[in-house]
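Just below is one structure, and these are the notes that go with it.
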Amino acid sequence: MAEVVAIKPAVSGGPILASQDKGVLRLTLARPPANALSLATMAALQSELDRAKSDKSVRVIILAASGKVFCAGHDLKELSAHRGDADRGRAFFEETFAACAALMQAIVRHPKPVIAEVDGLATAAGLQLVASCDLAIASHEATFCTPGVNIGLFCSTPMVALSRNVSKKHAMEMLLTGETIDAATAKEFGLINRIVPREYLNQVVGKYAQTIASKSSLVVRTGKEAFYAQAEMGLSDAYAYAGRVMVENMLARDAEEGIGAFVGKRKPEWKDE
């Protein structure tokens, strides 16, 4: 008998299109051609991420975009419109960059893995979005850049995510020149995991998502949290912390089940606890 799978239809109308199938939540930036990170778009994306935290039916999140541009970064027209404010826009600029920083950290700290599906240009804060995701898979047509230096606005906040993905020299090359790199160079730099033909991008990303979704959500959540936490520590502290995590993980029901299934040569039945 065929498996019956609940599919939640796409919810449209706002800047984010959300749909869900087989434990995978797909969030699509839906404001082409630029898919800019306006305050409204960032708030909508933040809302979807917050909702997914406690939704047990969501096991993996895919972040994609409609149109030929993945994300062109901040909405420069929206920012510039506030230069006429009494404070020359300071309050609005602070609000915008604080919202962006919170969004990027929400992706990194999210208990569910987030995969970027990139087909098109990811620039400035758009590149920051890609770099903040746990995995990034791109089509051959995808391109990336941090061009702020070309318009008098150094990509300082995108730099935070970028420098945590690629080497210092590669990060500074992108930040100082503002030049666009192709998908092959992005993979060489370590910004993305894999490059696939455009016609197979959705299929490949879906396979990654389903593979991860088939694991114990408790174990995946534990591992993701530990990965980012230990990366900010010194070597001895990282080992001490990771050791404590391993002990707690070993005491989890899913570790007992998984190890037992491996020894018994059977498929594990996860309880996510």
Side-chain angles (χ1 to χ4, degrees), residues 6-82 89 91-138 142 144 155 157-158 160-161 201-202 205-206 209 213 224:
I7 299 177
K8 295 184 179 180
V11 178
S12 60
I16 302 297
L17 182 66
S19 62
Q20 187 175 330
D21 182 20
K22 298 179 182 177
V24 179
L25 174 64
R26 186 178 183 85
L27 301 177
T28 303
L29 300 176
R31 282 291 183 267
N35 290 317
L37 293 181
S38 63
L39 268 182
T41 294
M42 289 191 289
L45 185 52
Q46 182 75 62
S47 178
E48 289 291 345
L49 290 169
D50 289 344
R51 182 192 64 77
K53 280 184 179 180
S54 57
D55 188 342
K56 292 183 179 180
S57 69
V58 175
R59 304 177 75 86
V60 180
I61 299 170
I62 295 174
L63 185 57
S66 56
K68 297 181 179 180
V69 174
F70 177 79
C71 179
H74 289 296
D75 189 331
L76 297 181
K77 291 183 179 179
E78 182 179 67
L79 290 168
S80 297
H82 287 268
F92 186 79
F93 301 159
E94 289 177 347
E95 180 184 6
T96 296
F97 295 128
C100 185
L103 174 62
M104 302 304 166
Q105 291 177 82
I107 293 172
V108 174
R109 305 301 182 200
H110 205 282
K112 318 291 174 72
V114 183
I115 306 173
E117 180 182 298
V118 190
D119 183 24
L121 175 65
T123 178
L127 178 145
Q128 184 181 5
L129 198 58
V130 174
S132 297
C133 292
D134 302 300
L135 299 177
I137 302 171
F144 307 83
C155 285
T157 46
V160 176
L201 180 61
N202 184 267
V205 173
K224 175 175 174 176

Under the 3.5 angstrom rule, does the side chain of D134 hit a backbone N or O of I115 as a donor-acceptor pair? no
Take L45 and L63 through the test side chain to side chain contact (heavy atoms under 4.5 Å, CB included) and record every step on the way to the result. CA-CA 10 Å; L45 185 52; L63 185 57; 4.0 Å; yes
Heavy-atom side-chain proximity of V24 to V58 below 4.5 angstrom: no
Sequence neighbours excluded, the answer for ring pair (Phe, Tyr, Trp, His ring centres under 6.0 Å) partners of F93 is none
Over all heavy atoms of both residues, which pair between A213 and R59 is shortest? Give the atoms and the distance, please. O-NE, 2.7 Å
Anything under 30° is parallel, anything over 60° is perpendicular, the rest tilted; go ahead and classify F92 against H82. parallel
Any sub-3.5 Å donor-acceptor pair from N35's side-chain atoms to A72's backbone N or O? no
Quick check: closest heavy atoms across A138 and L201, and the distance to 0.1 Å? C-CD1, 3.9 Å
Can you tell me how far apart CG (L17) and OG (S66) are? Round to the nearest 0.5 Å. 7.5 Å
Backbone N/O of M42 and side chain of Q46: donor-acceptor pair under 3.5 Å: no
Side chain to side chain donor-acceptor pair (under 3.5 Å) pairs, two or more places apart, involving residues 109-133: R26-E117, R109-E232, D119-S139, D119-R198
In short, F144 meets V130 closest at the heavy-atom pair CE2-CG1, 4.3 Å
Roughly how far apart are S38 OG and L76 CG, rounded to 0.5 Å? 12.0 Å
d(C71 SG, L127 CG) to nearest 0.5 Å is 10.0 Å
Set out, in order, the CA-CA distance, both residues' side-chain angles and the distance that settles side chain to side chain contact (heavy atoms under 4.5 Å, CB included) for V160 and Q105, then state yes or no. CA-CA 11 Å; V160 176; Q105 291 177 82; over 6 Å; no
Are any of the side-chain heavy atoms of P111 and K224 separated by less than 4.5 Å? no
Specify the closest pair of heavy atoms between G14 and A30, including all atoms of both residues, with the distance to one decimal. O-CB, 4.2 Å
Report the distance from atom OG1 of T96 to atom CG of L37, rounding to the nearest 0.5 Å. 10.5 Å
Of all heavy-atom pairs between D55 and S57, which one has the smallest distance, and what is that distance? OD1-OG, 2.6 Å
Which distance, rounded to the nearest 0.5 Å, do you find between the CD1 of I61 and the CD1 of I107? 8.5 Å
Tell me, which pairs form a salt bridge (charged side-chain N to carboxylate O under 4.0 Å, His left out) where one or both residues lie in residues 63-78, sequence neighbours left out? none
Taking all heavy atoms of T41 and all of P15, pick out the closest pair and write down the distance. OG1-CB, 3.4 Å
When rounded to the nearest 0.5 angstrom, what is the spacing between CD1 in I62 and CG in L27? 9.5 Å
